[in-house]
Amino acid sequence: MKIVRLEWFTKDEQFPFFIQYGGHNENTDLHKHDEFTELVIVLNGNATHIVNNESSFIKKGDVFVINDSTCHGYKDPHDFKICNIMYKPDILQSADPALRISNGFQALFVSEPSYLNIHPYPSKLSLSIPNLEYVSTLISVMMDEYRNKLQGYETMLTSRFMELVVYLSRQFDTKEKGPSSNLLHLANAISYMEDHYIEPLTLEEIAEQSDISVRHLNRIFQSYYQTTPVSYLKRLRLERACSLLKQTKLSITDISHKCGFNDSNYFTRLFTKANGCSPKAYRRVQ
């Protein structure tokens, strides 16, 4: 079992904290952390997360915490991009006592990381698209502070990190108060869509796979993601198209078909509306 040490990433013993954007194109071996904790935010794509030899599908918007007693790794990544924040657990001692006893904080940062060692995989936090955008903004500010290391950056980073901890704790607390069955149906729907998005899918088929009605499928998508299943499906296909435009020399027509669009003209119109330029123009600037 590989042991990963925080000093591999930072030599600053006075401020044992590290943040980075991570892109995984290949499987990542199972490993453990040596006396540090890792907060992971999935910014794009999906993968299979291996935790103590158990597997779980993770995707854009998922957030989880891995402590130093859990082994984990990733396999079968697809456009998988994450933010890793590595820290010594004492940094959370500066949290307000009221926050530290809140359900969201206890679940996300205390209970569930420990629970991973006795249970295959607890419920994780899944951020809606607007909430993920807000978190991404916080992360961007933290990345700038960490890279530039201006005077007082340690204080700024600690402050921003605690802001992120509070925000995620609130989101987890809100999720826990909602009906868990809806989250399960939504997770089933999204997993099925992300596994079959290049195929011709109907709302009826997605709803059937999720064991709910089409009406309820639309309702929970609006509630948790502020979008429709159809819009989510189109976004998956357009993200795949962007990857193919950057990584291959396939024709626009071939790419449209490989991404689940039968009409290349419709694909071009949709792509242009979403990205502000045509597929050809997008490929030229990559």
Side-chain angles (χ1 to χ4, degrees), residues 20-28 41-49 55 57-62 74-83 126-130 132-133 136-137 139-140 143 186-210 214 217-218 221-222 224-286:
Q20 69 175 0
Y21 290 122
H24 296 274
N25 298 318
E26 298 178 351
N27 294 349
T28 304
I41 299 108
V42 183
L43 300 174
N44 195 62
N46 58 72
T48 297
H49 191 200
S55 299
F57 180 78
I58 56 173
K59 58 176 178 53
K60 181 176 180 178
D62 285 349
Y74 305 106
K75 72 174 185 178
D76 303 326
H78 174 70
D79 292 336
F80 188 55
K81 293 180 176 57
I82 62 177
C83 173
S126 293
L127 297 172
S128 67
I129 294 172
L132 178 60
E133 288 175 353
S136 297
T137 301
I139 290 170
S140 178
M143 287 294 301
L186 182 62
N188 288 338
I190 290 173
S191 295
Y192 184 76
M193 291 166 72
E194 294 193 343
D195 285 342
H196 300 86
Y197 68 90
I198 60 173
E199 304 169 11
L201 291 179
T202 65
L203 288 179
E204 288 75 15
E205 182 181 354
I206 297 168
E208 181 180 357
Q209 292 293 327
S210 310
V214 171
L217 176 69
N218 278 300
F221 255 89
Q222 286 289 357
Y224 288 94
Y225 278 87
Q226 288 78 58
T227 190
T228 65
V230 171
S231 295
Y232 189 88
L233 187 60
K234 287 177 181 176
R235 185 173 62 78
L236 286 175
R237 290 170 172 169
L238 290 174
E239 287 179 350
R240 175 61 175 162
C242 287
S243 296
L244 291 177
L245 286 165
K246 288 187 289 187
Q247 298 169 7
T248 74
K249 294 182 179 180
L250 292 170
S251 69
I252 304 301
T253 299
D254 287 343
I255 287 176
S256 69
H257 290 161
K258 285 183 176 294
C259 295
F261 297 101
N262 293 327
D263 184 340
S264 60
N265 291 326
Y266 172 70
F267 161 68
T268 298
R269 289 196 302 272
L270 201 63
F271 186 98
T272 303
K273 183 178 180 181
N275 295 281
C277 64
S278 69
K280 287 183 179 179
Y282 181 89
R283 171 174 271 167
R284 280 199 300 268
V285 299
Q286 297 307 307

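Along the sequence shown, the residues carry numbers beginning at 1.
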List in chain and number order the residues that pass side chain to side chain contact (heavy atoms under 4.5 Å, CB included) with [X], two or more places apart in sequence or in another chain; answer none if no residue qualifies.
X: T48; value: I50, S55, K75, D76
X: T228; value: N218, Q222, V230, S231
X: T202; value: E204, E205
X: Q209; value: Y192

**Prompt:** For H78, which residues count as a side-chain hydrogen bond (donor to acceptor under 3.5 Å, both in side chains) partner, sequence neighbours excluded?
**Reply:**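 Here the qualifying residues are Y197.
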**Message:** Among residues at least two apart in sequence or on other chains, which ones pass side-chain hydrogen bond (donor to acceptor under 3.5 Å, both in side chains) with S243?
**Reply:**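 S243 satisfies side-chain hydrogen bond (donor to acceptor under 3.5 Å, both in side chains) with D79 only.
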**Request:** If a pair satisfies side-chain hydrogen bond (donor to acceptor under 3.5 Å, both in side chains) and one of its residues is in residues 266-284, list it, with sequence neighbours excluded.
**Result:**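 Checked against side-chain hydrogen bond (donor to acceptor under 3.5 Å, both in side chains) - neighbours excluded - the pairs reaching residues 266-284 are K234-Y266.
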**Message:** According to side-chain hydrogen bond (donor to acceptor under 3.5 Å, both in side chains), does anything in residues 250-261 pair up with another residue at least two apart or in another chain? List the pairs.
**Reply:**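 Qualifying pairs: S251-D254.
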**Request:** Inspect the surroundings of CD in E208 and state if more than 12 heavy atoms from other residues, nucleotides or ligands are less than 6.0 Å away.
**Result:**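 No - once you tally the heavy atoms of other residues, nucleotides and ligands closer than 6.0 Å, there are 12 at most.
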**Request:** Could you tell me whether I198 atom CD1 has more than 12 heavy atoms of other residues or ligands within 6.0 Å of it?
**Result:**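 It does not: I198 CD1 has 12 such atoms or fewer within range.
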If we only count heavy atoms from C-beta on, is the [X] to [Y] side-chain gap below 4.5 Å?
X: Y21; Y: K81; value: no
X: L43; Y: F80; value: no
X: F271; Y: I252; value: no
X: I206; Y: L217; value: yes
X: I82; Y: I41; value: no
X: L238; Y: C259; value: no
X: I190; Y: Y232; value: yes

**Asked** In Å and rounded to the nearest 0.5 Å, what is the CD1 to OG distance from I129 to S136?
**Response**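 Here the interatomic distance stands at 11.0 Å.
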**Item:** Where at least one partner belongs to residues 235-250, residue pairs that pass salt bridge (Lys or Arg N to Asp or Glu O under 4.0 Å), sequence neighbours excluded
**Value:**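 Listed by first then second residue: K60-E239, R235-E239.
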**Item:** Steps toward side chain to side chain contact (heavy atoms under 4.5 Å, CB included) verdict (I58, N46)
**Value:** CA-CA 6 Å; I58 56 173; N46 58 72; over 6 Å; no
